[in-house]
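Please read these numbers as outputs of a predicted model, since none were measured by experiment. Letters A, B, ... are given to chains in the order of the sequence lines, protein chains preceding strands, and every chain is numbered from 1.
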Amino acid sequence: MLCDICGKKQATVHLTEIIDDQMTELHLCEPCAKEKGAQMEKHFDLSDLLAGLADMGSAPGLQVDEKVKCPNCGMNYQDFKAIGQLGCSECYKAFKKNLIPLLKRIHGSIQYFGKMPAVSAARSLKPGAAKSKAASALQQLEDYKARLHKAIQEEEFEQAARLRDKIKELESKK
Amino acid sequence: MKLDDLINQTSEWLRGTGPQSDIVISSRIRLARNISKLPFSHRALKAQSQQALKICRNAIESSDFMKGSIFMKIDELNSIDKQFLLERHLVSKELIAKSDSKAVVISEKEIISIMINEEDHLRIQVVQSGFNLSQAWQIIDKIDAELGSKIDFAFSHDLGFLTACPTNTGTGMRASVMLHLPALVITKQINRLLQTISKLGLTARGFYGEGTQASGNFFQISNQTTLGHTEFDVIDNIERMVRQIVTHEQNARKILNAQHKIEFQDRIYRALGTLKSAHIITSNETIELLSMVRLGMDMGFVKNIIMSKLNQLFIFTQPAHLQKLEGKALSPTERDVKRAEVIREAIGK
């Protein structure tokens with residue numbers, strides 16, 4: 001089978017494309033496929049999708065300053081919208097207002113329930129105690145309790161209920 | 001250990017052992033981690049990328065679990081070697097695309113691979129053969145804790161681990177299971193199943209992950225979100241879902257065998273016949289036929305083939321593997337000839 005684009009070389013790459021519900025199959029040689037692939041990547045970039053979402057996140061009427069710069073890496077929110085990736089860990093603080101609705105859209109939640117990094121557990125505990133499992137569970141429990149308190153104060157009852165369940169779960173394991 | 005030693009060994013996840021390994025090929029977990037305050041890979045200046053590489057490398061190499069591992073800088077590899085690592089699922093497309101200050105560390109049995117300066121500073125991956133996510137989690141959790149005690153990870157109490165892309169923020173975890181579902185494809189139940197999966201916060205991808213088409217009836221099921229649930233809950237959710245899918249596939253196999261036995265066996269034996277006698281074969285055809293033979297082995301029709309050997313063929317018949325086996329670059333047609341030869345050697349007798 002010859003390549004559908006150049007018609008000269010043997011087709012070795014088989015591509016299925018769906019445009020407006022129309023499915024087409026393309027049979028391409030390697031050089032043509034590479035070119036086509038580069039085009040496709042431009043067409044369909046995660047950052048485009050994210051940029052769309054990043055706009056949807058903010059409530060209408062609420063003017064968000066897109067020129068706010070991250071003090072650590074110098075990135076602004078507009079840059080993020082164009083690239084779809086943040087510049088550094090500090091961007092999360094700098095763009096917090098805009099990011100929270102975006103994260104909520106992506107994950108359906110903005111509450112973290114996962115593990116703690118070894119270091120952050122070690123820092124607030126006595127040296128030597130960090131490695132024990134019980135210590136990190138205790139640390140986690142304290143963290144959940146603090147967040148439960150905060151959630152109740154902020155009247156985020158759905159989150160509060162979930163935190164309460166997590167606390168119960170941890171306490172039952174003691 | 002060197003890169004060229006890998007070609008002589010079977011990756012752990014291809015051994016074809018572990019729970020439910022007739023349908024579940026492998027279980028894989030990856031964690032995305034970054035160094036606090038240092039710009040993420042796409043924004044880092046050359047010196048900052050080198051700094052990230054140095055910090056990560058030091059932490060990894062001084063740890064217990066990476067003894068006997070190989071460290072490779074991506075820009076020191078040729079294009080066949082890069083493709084070779086990709087075919088073995090040890091690196092991602094992103095890692096080998098632009099290679100400045102990027103590296104990968106691979107453990108002895110290819111169970112652990114750690115990519116440095118991919119989208120995130122660290123991408124830790126652990127893979128197990130069969131249906132074994134909890135085992136994979138136990139391993140990766142320890143690695144993560146040890147690296148976390150040496151590296152100041154980007155972490156916030158409210159949002160968890162901070163990643164370059166907000167789709168990974170939180171646990172930074174992607175847990176996935178590779179399934180072989182030929183009977184659900186043949187009985188045309190697969191689309192409905194995949195739709196249901198996406199409604200439950202899970203996603204299905206092809207053999208090579210993100211953006212790849214499912215081929216040879218292989219599907220990777222993984223979690224979509226990383227905030228709002230503990231790692232344990234996410235893994236538990238996938239496990240429950242996979243258990244159900246496995247039951248559906250088993251039932252579909254039983255029905256095919258009971259109601260269409262002759263046609264069913266015919267397809268399997270024809271696939272085996274073609275693989276045993278072909279002298280030129282494309283990679284697409286190979287994967288489709290190997291999938292049928294694998295099904296035939298699971299059903300007990302095809303004997304005398306070792307599962308790990310068959311599993312290995314899925315990877316060894318990929319372009320870069322064929323070229324490594326031959327020891328030189330091959331044109332597409334030459335590869336099709338070499339591929340047929342490799343298959344005949346493995347299962348031709």
Checklist entry - Does B/Glu87 use its side chain to pair, donor to acceptor, with the backbone of B/Ala320 at less than 3.5 Å? => result yes
Checklist entry - Is the closest side-chain heavy-atom distance between B/Ser63 and B/Lys150 below 4.5 Å? => result yes
Checklist entry - Is the B/His121 ring parallel, tilted or perpendicular to the B/Phe40 ring (thresholds 30°, 60°)? => result tilted
Checklist entry - Partners of A/Tyr112 by ring pair (Phe, Tyr, Trp, His ring centres under 6.0 Å), sequence neighbours excluded? => result B/Phe155
Next on the checklist: Check this for me: does any side-chain nitrogen of one of B/Asp158 and A/Lys150 sit under 4.0 Å from a carboxylate oxygen of the other?
Outcome noted: yes
Item to check | Winner by heavy-atom pair count (cut-off under 4.5 Å) against chain A, out of B/Thr163, B/Thr282, B/Asn284, B/Thr333 | outcome: B/Thr163
Checklist entry - Do you know which of A/Lys93, A/Lys115, A/Arg147 has the most heavy-atom pairs under 4.5 Å to chain B? => result A/Lys115
Checklist entry - chain A: which of B/Ala44, B/Gly201, B/Gly160 shares the most heavy-atom pairs with it under 4.5 Å? => result B/Gly160
Checklist entry - Considering residues at least two apart in sequence or located in another chain, which fulfil the salt bridge (charged side-chain N to carboxylate O under 4.0 Å, His left out) criterion with B/Asp336? => result B/Arg339
Next on the checklist: Once salt bridge (charged side-chain N to carboxylate O under 4.0 Å, His left out) is applied, do any residues pair with B/Asp233, and if so which ones, sequence neighbours excluded?
Outcome noted: A/Lys166
Next on the checklist: I need the contact set between residues 234-241 of chain B and chain A: heavy-atom distance under 4.5 Å, sorted by residue number.
Outcome noted: none
Item to check | chain A contacts, top residue of B/Leu227, B/Asp141, B/Thr230, B/Thr169 (heavy-atom pairs, under 4.5 Å) | outcome: B/Leu227
Checklist entry - Between B/Asp152 (side chain) and B/Ser36 (backbone), is there a donor-acceptor pair under 3.5 Å? => result no
Checklist entry - Could you go step by step and tell me if B/Asn117 and B/Ser101 meet the side-chain hydrogen bond (donor to acceptor under 3.5 Å, both in side chains) rule? => result CA-CA 7 Å; B/Asn117 284 332; B/Ser101 298; 5.0 Å; no
Item to check | Top contributor to chain A contacts, counting heavy-atom pairs under 4.5 Å, from B/Asn34, B/Thr226, B/Thr171 | outcome: B/Thr226
Checklist entry - Does any heavy atom of chain B fall under 4.5 Å from the side chain of A/Tyr144, the backbone, both, or neither of them? => result side chain
Checklist outcome for this item: If one checks every heavy atom of B/Leu159 against chain A at 4.5 Å, the contacting part turns out to be both
